[in-house]
Amino acid sequence: MTDHLFQDWLTPAIAFAVSVCGSLLGLAFAARARRARGAALWQWLVLAALSLGGMAVWSMHFIAMMGFRVPGASIRYDAFLTLVSGVTAVVVMGAALTMTIRRRTLPWLLASGVLAAAGVISMHYTGMASMNMHGAMHHDPFYVAAACAIALVASTVAMWFSARLRGAPAIVAGALVMAVAVTSMHYTAMVGVHVLHPEADRAGPPEGSTASDLLLPVIVGLFVLLLVCSLFLMLGEDEERVDYSRSRSDAPRPRVSAPTTAPDYTPRHGVRPAPPEPTDDVWRRPRR
């Protein structure tokens, strides 16, 4: 039997907090992508895919797996498959975000939700396949189906949030909902995991890296990603303010016609203009 349901509260809390941060950044970048054009659009989409796929989904999954225990068995991780699971989450999430932001219709929203759910499920079970232990791992079909259903609903809601939400309160609320959905999907899938120990004990741990060996690169990567994302958010706000001020200054102003001078008007600090010369001037008449 597995021991992931009988762990302390610290590991799930850290995993949930990381998922909230990734969801918050991803939704903020998606909101910027909706207003951008050209190269800036792809810049915000890449950052949104890294935040949602890399931090909200994959990093949450990896940190939560730190609390996974099999009594009497050592667990090692295949570094290559672990990396593949992370790349899968980022690439698929980027494709789904592109679909739902560039074509904001219901069919494209549903299609992007299905694609994102397939990426999340693939990421999860690729990460499970990267685990090496002396024993056979089995997945309960009921919990697999339940996890897939949660992933489909969560991914569709995430795509709707990415295409619709704007404003800080709505984005924060959406990030909390997404983190709850991602965490629920992970632990629902983990409930159906069963490990059968081999009849004969094998000497030595299995091949692969320990969780602590992979933890340092994950922490450094998360710190760098948070730093870069925060920098882009601050620079994006400054650029939007500059563009807004320029748009207001460049706006066409109504033309004001110069006031006509009244004939009897005398300036305060000037000389009264001379009256116009009459057309019939006796001094300029030709002599007869």
Side-chain angles (χ1 to χ4, degrees), residues 16-60 86-117 119-120 123 154-182 221-251:
F16 178 77
V18 170
S19 184
V20 170
C21 292
S23 301
L24 185 63
L25 289 173
L27 292 178
F29 288 139
R32 300 287 176 85
R34 294 197 305 265
R35 301 191 297 266
R37 296 292 183 272
L41 169 64
W42 298 107
Q43 166 191 310
W44 297 123
L45 282 177
V46 169
L47 290 173
L50 285 172
S51 300
L52 289 177
M55 186 181 299
V57 176
W58 182 81
S59 296
M60 177 271 152
V87 173
T88 301
V90 173
V91 172
V92 175
M93 194 63 68
L97 285 171
T98 303
M99 291 171 59
T100 189
I101 289 179
R102 301 200 67 184
R103 298 180 181 271
R104 303 178 196 177
T105 59
L106 182 58
W108 283 93
L109 173 65
L110 297 177
S112 62
V114 172
L115 179 61
V120 171
M123 178 278 307
S155 299
T156 304
V157 172
M159 293 301 104
W160 188 87
F161 284 166
S162 301
R164 298 292 189 276
L165 289 187
R166 62 183 61 196
I171 290 178
V172 171
L176 291 173
V177 172
M178 287 179 59
V180 169
V182 171
L222 285 176
F223 178 77
V224 173
L225 181 60
L226 279 173
L227 184 63
V228 171
C229 291
S230 302
L231 180 62
F232 271 101
L233 279 178
M234 290 187 295
L235 291 177
E237 290 180 358
D238 294 339
E239 290 177 359
E240 286 185 355
R241 291 173 183 173
V242 171
D243 293 342
Y244 180 70
S245 62
R246 288 179 179 176
S247 62
R248 293 189 60 183
S249 61
D250 295 341

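As the structure is a prediction and not an experimental result, all values here were calculated from the model.
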Write down the atom of [X], the atom of [Y], and the distance for their closest heavy-atom approach.
X      : Y      : value
Ala30  : Ala48  : N-CB, 4.1 Å
Ala33  : Leu41  : O-CD1, 3.1 Å
Val57  : Val182 : CA-CG1, 4.3 Å
Ser162 : Leu97  : OG-CD2, 3.5 Å
Leu115 : Ala95  : CD2-CB, 3.9 Å

Residue pairs involving residues 94-113 (criterion ring pair (Phe, Tyr, Trp, His ring centres under 6.0 Å); sequence neighbours excluded): none

How would you list, by chain and number, every residue that makes a side chain to side chain contact (heavy atoms under 4.5 Å, CB included) with [X], sequence neighbours excluded?
X      : value
Val177 : Phe161
Arg34  : Ala31, Ile101, Arg104, Arg166
Ser112 : Ala96, Met99, Thr100, Leu109, Met159
Ala40  : Ala36, Trp44

[Y] and [X], any side-chain heavy atoms less than 4.5 Å apart:
X      : Y      : result
Leu27  : Met178 : yes
Trp42  : Thr98  : yes
Leu176 : Val180 : no

Distance-only donor-acceptor hits, side chain of residues 17-26, under 3.5 Å, sequence neighbours excluded:
unit_1 : atom_1 : unit_2 : atom_2 : d
Ser19  : OG     : Ala56  : O      : 3.0
Ser23  : OG     : Ser19  : O      : 2.8

Donor-acceptor contact present, side-chain Ser59 to main-chain Gly54, <3.5 Å: yes

